[in-house]
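Letters A, B, ... are given to chains in the order of the sequence lines, protein chains preceding strands, and every chain is numbered from 1. Bear in mind that the values here come from a model prediction, so they are computed numbers and not experimental data.
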Amino acid sequence: MSNRKLISFLRIFEKDSVIESVITPIIGLIVGLLIVAIIILLQGVNPITAYQELIFGAIGTKINLFSTLLKFIPLSFTGLAVTLAYRAGVFNIGAEGQLYIGALVATWVAIKVNLPFYLPSLLALISGTIVGGFFAFIPAYLKVEKGINEVLTTILMNYVGINIMGFSVNSFLMEKGQTAPQSPLIERSAHLPIIAKLEGVHLHIGIVLVFVIAFLMHDIFWNTTWGFEIRSVSINIEASKYGGINVKKVIMIVMFVSGAIASLAGSTEVLGVQHRLMENFMIGYGYDGITVALLGGLNPLGVLVAAFFLGALRNGAYSMQIATGIPISIIYVVQAFAILSIISASALYKKFLAEN
Amino acid sequence: MLRSAKKLTIFLVIIMVIITMVLSMTSCKSKMQTSTGLGGNTGSKEKVYKVAILLPGSVNDGGWSASAYEGLVKIEKELGCKTAFTENVKKNDQVQIMREYAKKGFDIIIGHGFEFSDALKQVSQEYPNIKFVGIGTMVTGPNLASLQFKYGELGYLTGFIAAKSTHTNKIGIITATKDPTGQIEFDTLEAIAKQVNPNVAVAISYTGSWEDIYKAKEAAIAQIGNGADVIITNNDAGNLGVIQAAKEKGVFVIGWTGDYYKHAPDNVLTSAVQKVSLLIFEGVKGFLEKGFEGKVYQLGLKEGVQYIGEYGNTVLQELKDEVKKITKDIIEGKINIEEIYKVKK
């Protein structure tokens, strides 16, 4: 268990107070956007026009806002999953694989089960979370029992998850009479309940789930003994052991739950938005979860804010690219500068505190 | 003090390097993306059509998406349309990007690949006045069409060439997966080969991968071991492995999709060339000139989007002339390919 250096480095991102964790991602992204404005200017495009398009594309109309929220849901799930694991001193880099497996199991159940009134979708979500949790439990078990670093195993498990899903849609889950590697459409009874509807854009119940999980996590971390145990494991394993905490159990449970939350990103997307599974159905959301978690101060409520802004950036980027020709990949540069600025700002702040 | 100054310099240098890298990366990309001017002069009376395409990969992937971009450039240059594209479109972004193009007043919106089927169907219903096109899809609607390569034609021609060229009467086919359109090609191929030479036997190997060069080579060596002396390979990157095996064992090979003559002029008989860029170009040209119908368009030899490529050194002029004549007959409708693969079924 030798991730101490990494943990002590990442501590710079940790924000325990809600206000701090909400303000940091906003300031970080503003700095990122300001720096990128220079790049856009050098491209010969007026950054103000570009950002107007960006903001309009993200929240300009109700439909655009809904699409942003549909991106916010999976980003917050993976962000929350990474945050939870980090708070117990383990790194879950495997959210990508977990969400692929979650989506696979959810789709399979949704297609096979034939029950009335939202029961199939509930069953599909639950089975997706259980298998996704189990998928994250494997690295946790290997860590506590065999001492294998979970950073390595979770990264490698991503490929296992992605390829199992790819194999499935190419074989037993493939739509009959189709040449394309994709699952059949999921029946209407297995769709997630829709809470708001606009022409073509349906906001599903996943958004409620996001808020419930985030507030629950926040409450558990700072108001319960469990939360105290989890956080103390990350701060000092030896002291936690001495204090009577079953460290192995904490790590295994936390990783299971973390995997379960990550899998929701995939299963809600399939059951609520795409309604069928195919290869590469959402690329990179597992890894984006890490960015979201760091921007959000590794705080569940900060994660919500960070996920919303990153979702908005992503959604607005299309409109910006179409209108001004600025490539969509520019928003990843914004993200990177946001994180860099948070690192430097936090470091300066700490230095300032130390000097005074 | 000295140490911190050193650290600061290193830090600054790293930042500068990152910034220059980012700048150079974005600048070459956006050069391509902003090259969407009004294109050729089509006269002031005509309306300038706006065509947008959504690509699953990057425009410089050297394959599927790159060839679509090539087609788009041709559309802009030769048809005088205003064009735009979005690359690396992820599955869960398709619908939103199509809507953005629709809102910005594009006339034709193209989804490049079967994975766009659902999004095309959904968004085409939301914008009934805009034309939507899928490449390699099967979806249709009042304002939604699909463009495909006409299947059977290349199977017919390659089957004829293979049957005329084999000495051992054994033809091998190597492809990645068993899919219906590929199956039609090979059914036609087998039927024609047997028509030309009743003693011919055709065997198919599936490698399961479009990228695995070694697997394709293994499959080719196994086929050659069984006595095949003409191998047809439709395996994308795997084609190179098959050609390598053919070179080593001294047998003939017919490539698919690209033109493989240069890879082994003595072993490659010819190639069944399919040009995605031309498929898109000819498709859009057809919409502008002949009007749009919500159906599956199949383009082939007639439109010149697929053809028999360069011949190898060993192919006799006599055979080339025969193939030329058959091609002409197919184009003129004297040969009905559909009948052949339907009988086989």
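The environment of A:Leu41 atom CG is dense: over 12 non-hydrogen atoms of other residues, nucleotides or ligands sit within 6.0 angstrom. Counting heavy atoms of neighbouring residues, nucleotides and ligands inside a 6.0 Å radius, atom OH of B:Tyr214 does not exceed 12 of them.
Residues that satisfy the salt bridge (charged side-chain N to carboxylate O under 4.0 Å, His left out) test with B:Asp118, not counting sequence neighbours, are A:Arg276. Scanning for salt bridge (charged side-chain N to carboxylate O under 4.0 Å, His left out) contacts around A:Lys71 gives B:Asp93, with sequence neighbours left out.
Looking at A:Asn158 and A:Tyr287, their side chains do bring a donor and an acceptor atom within 3.5 Å of each other. Side chains of A:Ser67 and A:Asn64: no donor on one and acceptor on the other come within 3.5 Å.
Your options are A:Glu269, A:Met282, A:Gln274, and the one with the most heavy-atom pairs under 4.5 Å with chain B is A:Gln274.
Closest heavy-atom contact between B:Gly111 and B:Leu120: N-CD2, 4.2 Å.
Below 4.5 Å, heavy atoms of chain A meet heavy atoms from B:Glu126, all part of residues 124-135 of chain B. Near-neighbour residues of residues 100-110 of chain B relative to chain A, defined by a heavy atom under 4.5 Å from a heavy atom of that chain, comprise B:Glu100, B:Tyr101, B:Lys103, B:Lys104, B:Phe106.
Only the side chain of A:Tyr332 comes within contact range of chain B, with at least one heavy atom under 4.5 Å from a heavy atom of that chain. Neither the backbone nor the side chain of A:Asn170 comes within contact range of chain B; no heavy atom of the residue lies under 4.5 Å from a heavy atom of that chain.
When side chains are defined from C-beta on, A:Ile59 counts as touching A:Phe308, because their heavy atoms get closer than 4.5 Å.
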